[in-house]
Amino acid sequence: MTPLGRSLAERIALAGPLPVSIVMEEALAHHAHGYYMTREPFGAAGDFVTAPEISQMFGELVGLWLAAVWDSIGRPARVVLAELGPGRGTLMADALRALAKVPGFPLAGPVHLVETSERLRAIQAATVKAPVRHHDRLAGLPDDAPLLLVANEFFDALPIRQFVWTGRGFHERMVGLDDAGALIFGLAPEPAAGLPAHVPPTPGDVLEWSPAGVAVASELGARLAAQGGAALAIDYGAAHRGFSDTLQAVARHAYADVLTTLGEADLTAHVNFAHLAAAATAAGARAYGPIGQGELLARLGIGQRAARLAAANPAAAPSIEAALRRLTADDQMGSLFKALALCAPGVPLPPAFEAAP
Ligand code: SAH
């Protein structure tokens with residue numbers, strides 16, 4: 001058992017089983033043993049590689065998407081440029097390089113980064129070559145200018161609750177102890193009340209719900225409606241999901257067992273874009289998509305960008321081609337990863353997205 005596993009087992013022995021959401025939150029954010037507090041997850045030597053770490057093209061095209069939104073809302077003299085969960089800061093650094101080439105784009109103010117990990121805050125401040133202001137949560141961002149925000153692989157790191165259909169109702173999935181004192185999954189004895197079920201479930205179906213993700217989407221929707229602007233959320237998950245258990249642990253680029261690696265593996269769940277879009281819309285914003293990451297990047301011109309980069313540096317052409325494929329191909333990150341755009345009501349249809357049918 002990991003140190004965090006032991007600490008949770010002691011807690012469960014005293015106070016009873018814990019919901020999956022609490023275990024996930026502790027695994028990621030526990031002050032001493034949490035994954036994001038202690039580990040360097042990113043890159044070849046870490047546990048996983050994210051899109052901005054694959055190629056500079058990703059952050060550059062996100063920057064150009066933000067610039068196009070800025071242009072479409074009348075080129076305001078001030079914006080609040082922000083990112084949720086910036087990791088190593090690579091996306092924002094690449095986006096800023098692209099934005100610096102957009103005539104008139106307002107880059108005078110600081111970049112606002114929402115990040116809980118002190119360790120990553122320091123790395124971000126060093127990577128992003130511009131003044132940075134860190135915030136614990138979205139609520140800390142200024143609200144006196146249109147918001148231009150990006151979140152890549154942020155929502156998948158927010159805790160989910162899971163409910164399993166037994167025929168009697170949806171029972172919350174809990175973590176308890178077996179006879180030998182090891183952590184095991186189990187179910188709450190009584191069904192939870194008031195859960196949405198879009199299609200009739202069959203026994204064993206798992207309903208996932210991210211209270212934290214939905215709260216962020218709702219707050220983001222309300223902010224966009226009030227201060228203007230747009231947000232681009234990119235993550236993995238199905239556009240319309242049935243019932244499946246998507247809680248997954250990843251360490252050293254391979255899947256790991258959830259309960260025996262607590263705090264030492266990344267723990268994520270697929271993002272339910274429908275839940276996020278509904279929350280943001282209910283709060284007053286418009287939602288577009290999700291569309292596949294491959295579609296998003298192709299429409300933003302990644303093909304041409306790759307060709308230009310390869311022409312400028314022929315020796316790097318094979319690795320640029322490989323990055324292009326990895327980011328956009330359907331059997332790579334092109335369709336499992338998706339982009340959802342959230343916009344203030346007055347914002348024209350953002351680039352790469354289609355009007356809702
Ligand atoms: N966007 C980056 C990193 C993704 S990993 C990339 O694409 O490479 C998730 C990031 O979200 C990390 O920076 C993590 O520390 C941060 N994070 C996780 N939960 C958070 C929370 N509740 N509030 C703010 N940041 C959080």
Side-chain angles (χ1 to χ4, degrees), residues 21-22 24-31 33-63 66 82-96 111-128 132-141 149-160 210-220 231-237 248-251 253 263 265-271 276 293 296-297 323 326-327 333 336-339:
S21 52
I22 301 286
M24 188 170 172
E25 191 174 340
E26 295 284 346
L28 294 175
H30 184 276
H31 61 93
H33 305 305
Y35 178 75
Y36 278 112
M37 306 301 149
T38 58
R39 314 267 296 187
E40 175 50 58
F42 308 103
D47 294 313
F48 57 88
V49 178
T50 59
E53 305 294 337
I54 291 172
S55 166
Q56 67 183 77
M57 296 187 287
F58 186 82
E60 290 169 352
L61 292 171
V62 167
L66 297 171
E83 181 173 1
L84 303 178
R88 287 166 54 164
T90 309
L91 192 168
M92 188 51 85
D94 292 336
L96 284 172
V111 175
H112 297 273
L113 305 180
V114 178
E115 175 60 66
T116 39
S117 158
E118 285 300 331
R119 196 182 59 77
L120 289 175
R121 281 184 177 202
I123 296 174
Q124 291 155 14
T127 313
V128 177
V132 159
R133 266 188 44 206
H134 275 113
H135 305 268
D136 291 329
R137 49 180 58 89
L138 192 55
L141 299 187
L149 179 142
V150 60
N152 186 63
E153 291 209 40
F154 169 75
F155 284 98
D156 67 63
L158 300 182
I160 55 159
S210 173
V214 165
V216 171
S218 169
E219 196 181 334
L220 199 48
L232 186 63
I234 304 166
D235 228 306
Y236 50 99
Q248 64 181 36
V250 167
H253 305 273
D266 187 34
L267 206 50
T268 65
H270 282 204
V271 169
L276 300 184
Q293 174 173 301
L296 172 81
L297 296 175
R326 197 145 164 220
L327 290 173
M333 299 173 79
L336 174 60
F337 282 75
K338 296 183 180 64

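Order of appearance sets the numbers: ligands from 1, and atoms from 1 within every ligand. Here, residue 1 is the first one in the sequence, and each next residue gets the next number.
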Please tabulate, one line per pair, the protein N or O atoms found under 3.5 Å from any N or O atom of ligand 1, giving the distance to one decimal.
{"unit_1": "ligand 1", "atom_1": "1 (N)", "unit_2": "Gly85", "atom_2": "O", "d": "2.7"}
{"unit_1": "ligand 1", "atom_1": "1 (N)", "unit_2": "Asn152", "atom_2": "O", "d": "2.7"}
{"unit_1": "ligand 1", "atom_1": "7 (O)", "unit_2": "Thr50", "atom_2": "OG1", "d": "3.4"}
{"unit_1": "ligand 1", "atom_1": "7 (O)", "unit_2": "Asn152", "atom_2": "ND2", "d": "2.7"}
{"unit_1": "ligand 1", "atom_1": "8 (O)", "unit_2": "Thr50", "atom_2": "OG1", "d": "2.6"}
{"unit_1": "ligand 1", "atom_1": "13 (O)", "unit_2": "Gly87", "atom_2": "N", "d": "3.0"}
{"unit_1": "ligand 1", "atom_1": "13 (O)", "unit_2": "Glu115", "atom_2": "OE1", "d": "2.6"}
{"unit_1": "ligand 1", "atom_1": "15 (O)", "unit_2": "Glu115", "atom_2": "OE1", "d": "3.4"}
{"unit_1": "ligand 1", "atom_1": "15 (O)", "unit_2": "Glu115", "atom_2": "OE2", "d": "2.5"}

Are any side-chain N or O atoms of Asp156 and backbone N or O atoms of His270, one a donor and one an acceptor, separated by less than 3.5 Å?
no

Main-chain N/O of Gly34 paired to Thr38 side chain as donor or acceptor, under 3.5 Å
yes

Quick one: does any side-chain atom of Ser210 pair with a main-chain N or O of Pro159 as donor and acceptor, under 3.5 Å?
yes

Sub-3.5 Å donor-acceptor pair from the side chain of His135 to the main-chain atoms of Gly140, do we have one?
yes

Are the side chain of Arg133 and the backbone N or O of Val111 linked by a donor-acceptor pair below 3.5 Å?
no

Backbone N or O of Thr116 within a donor-acceptor pair of the Asp136 side chain at under 3.5 Å?
no

